[in-house]
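Quick note: numbers below take in every heavy atom, side chains included, and nothing from hydrogens, waters or symmetry partners.
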Amino acid sequence: MILQIYSKALYSTWIYYAPERILFDAGEGVSLTMANRIYAIKYIFLTHGHVDHISGLWTIINSRNNSMGDREKPLTIYYPKGNAAVEEWLQFIVKVNGDLRFELNFVPIVAGQKIFLRQAGSFARYIVPFRVKHTQYDQSFGYNVIEMRRRLKEEYRNLKESEIARLSRELGQENITESYEKKVLTISGDTYGIDPSDAFEAEILLHECTFLKKEDRKMNAHAALDEVLSIAREAKVKKLVLYHISTRYAGKIEKYLKNLAEEPFEIHYVDPNELFTM
């Protein structure tokens, strides 16, 4: 998995998930940073309609339309159904790009809907949106990237490899294994905290953490560090990546994270002044 993230709370947030050429949110400056790689983007999933998460759409669409890059690749933008800010912004972008020369699709989606990215045999990878609490007037989603995998049924998991191989030959692999869903990546979007069940046992939880000190928060629209850590513990995630951090903590983030070595998961953070790559 390759993730590239830029996130400065209030100004711009975008997340590029390379395996499936997905951009989650499209804040200002995304085209400037990604340059010709914007032609690789196949899907854009928007978490909500605030400017710092959607303003970069205009540049992406305009650049793909007017430069010399590949115009054969379609672009599909998914967004929370009924989000007026997103819908009006998309309508405006189309209006000012009346000579659109590539396939552009807008798809409103609802919480719990499965958007398949690929399927091959018993393997599948798809996106599932879930509702998060952010502001009163803006419908907001988080997203799970989920893989359908296979594993040994519980009654066979403690057997020796030789015994498992024998059973596979005699019973067939399909009869000794079972399908299960694995959350590969959970993205919170802007929120004052997701339900831990939405990220349960995720390999990576990417959670907004605008405030490293809860006392700095003036209203319930964004999460604080202690809250995010509690969510990650309850969700039993493997890795936690903090993003959407306020610039007030620039240069001092390590100070707030220095005593977290005992947490049962890896902790990483997106510095608001730097491009993050994992």
Main-chain N/O of [Y] paired to [X] side chain as donor or acceptor, under 3.5 Å:
X: T210; Y: H244; result: yes
X: D195; Y: S197; result: yes
X: Y249; Y: D271; result: no

Does [atom1] belonging to [X] count more than 12 external heavy atoms closer than 6.0 Å?
X: Q113; atom1: CD; answer: yes
X: N105; atom1: CG; answer: yes
X: K238; atom1: NZ; answer: no
X: E155; atom1: CD; answer: yes

side-chain contact (heavy atoms from CB on, under 4.5 Å) evaluation trace for V237 with I204 = CA-CA 6 Å; V237 303; I204 300 175; over 6 Å; no
Between atom [atom1] of [X] and atom [atom2] of [Y], what is the distance when rounded to the nearest 0.5 Å?
X: I5; Y: M278; atom1: CD1; atom2: CE; result: 7.0 Å
X: T191; Y: I231; atom1: OG1; atom2: CD1; result: 7.5 Å
X: S12; Y: L32; atom1: OG; atom2: CG; result: 10.5 Å
X: L171; Y: I164; atom1: CG; atom2: CD1; result: 12.0 Å
X: S188; Y: I194; atom1: OG; atom2: CD1; result: 6.5 Å
X: S7; Y: L275; atom1: OG; atom2: CG; result: 11.5 Å

Could you give all pairs that pass the ring-ring contact (aromatic ring centres under 6.0 Å, His included) test and reach residues 156-194, with sequence neighbours left out?
->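 Qualifying pairs, neighbours excluded: none.
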Does one hydrophobic cluster hold both [X] and [Y], with members joined at side-chain heavy-atom distances below 4.5 Å?
X: L225; Y: I253; answer: yes
X: L100; Y: L75; answer: yes
X: Y78; Y: V184; answer: yes
X: L185; Y: F141; answer: yes
X: F92; Y: I60; answer: yes

Determine whether [X] and [Y] make a side-chain contact, defined as any pair of heavy atoms from C-beta on separated by less than 4.5 Å.
X: W58; Y: N97; answer: yes
X: V241; Y: L3; answer: no
X: E87; Y: F106; answer: no
X: K73; Y: R64; answer: yes
X: N62; Y: V96; answer: no
X: L242; Y: L257; answer: yes
X: I109; Y: Y143; answer: yes
X: L229; Y: I267; answer: yes

Ring pair (Phe, Tyr, Trp, His ring centres under 6.0 Å) against F276, all qualifying residues, sequence neighbours excluded =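 Counting only residues at least two positions away or on another chain, F276 forms no ring pair (Phe, Tyr, Trp, His ring centres under 6.0 Å).
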Who passes ring pair (Phe, Tyr, Trp, His ring centres under 6.0 Å) against Y126, sequence neighbours left out?
->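 F116.
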If you look only at distance, which donor and acceptor atoms sit under 3.5 Å apart when one is on a side chain in residues 40-56 and the other is two or more places apart or in another chain?
| from | atom 1 | to | atom 2 | distance (Å) |
| --- | --- | --- | --- | --- |
| T47 | OG1 | D25 | OD1 | 3.1 |
| T47 | OG1 | D25 | OD2 | 2.9 |
| H48 | NE2 | D190 | OD2 | 3.4 |
| H50 | ND1 | H134 | NE2 | 3.4 |
| H53 | ND1 | D25 | OD2 | 2.8 |
| H53 | NE2 | D190 | OD1 | 3.3 |
| H53 | NE2 | D190 | OD2 | 2.9 |
| S55 | OG | E28 | N | 3.1 |
| S55 | OG | V51 | O | 3.2 |

Could you tell me which non-hydrogen atom of [X] sits nearest to which non-hydrogen atom of [Y], and how far apart they are?
X: D138; Y: A85; answer: OD1-CB, 4.4 Å
X: H207; Y: L240; answer: CB-CD1, 4.2 Å
X: A199; Y: L205; answer: CB-CD1, 4.0 Å
X: A26; Y: W14; answer: CA-CB, 4.2 Å
X: A223; Y: R217; answer: CA-NH1, 3.9 Å

Check the pair I61, F102 against side-chain contact (heavy atoms from CB on, under 4.5 Å), reporting the backbone distance first and the verdict last.
-> CA-CA 9 Å; I61 293 169; F102 66 95; 4.1 Å; yes
Pairs meeting criterion side-chain hydrogen bond (donor to acceptor under 3.5 Å, both in side chains) with involvement of residues 251-261, two or more places apart |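 Matches after skipping sequence neighbours: E254-Y269.
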Can you list every pair that meets salt bridge (charged side-chain N to carboxylate O under 4.0 Å, His left out) and has a residue in [range], with sequence neighbours left out?
range: residues 166-184; result: K114-E181, R150-E174, R151-E178, R157-E178, E163-R166, R166-E170
range: residues 90-107; result: none
range: residues 199-212; result: R149-E203

[X]: what forms a salt bridge (charged side-chain N to carboxylate O under 4.0 Å, His left out) with it, not counting sequence neighbours?
X: R21; value: none
X: K239; value: none
X: E263; value: R233

Evaluation steps, side-chain contact (heavy atoms from CB on, under 4.5 Å), between D216 and S246 = CA-CA 10 Å; D216 292 334; S246 169; over 6 Å; no
Step-by-step side-chain contact (heavy atoms from CB on, under 4.5 Å) determination, V107 to I115 = CA-CA 11 Å; V107 182; I115 301 98; over 6 Å; no
Results of side-chain contact (heavy atoms from CB on, under 4.5 Å) for R125 - residues two or more places apart only |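 R125 satisfies side-chain contact (heavy atoms from CB on, under 4.5 Å) with Y17, P19, E20, L117, R118, F123, V145, E147 only.
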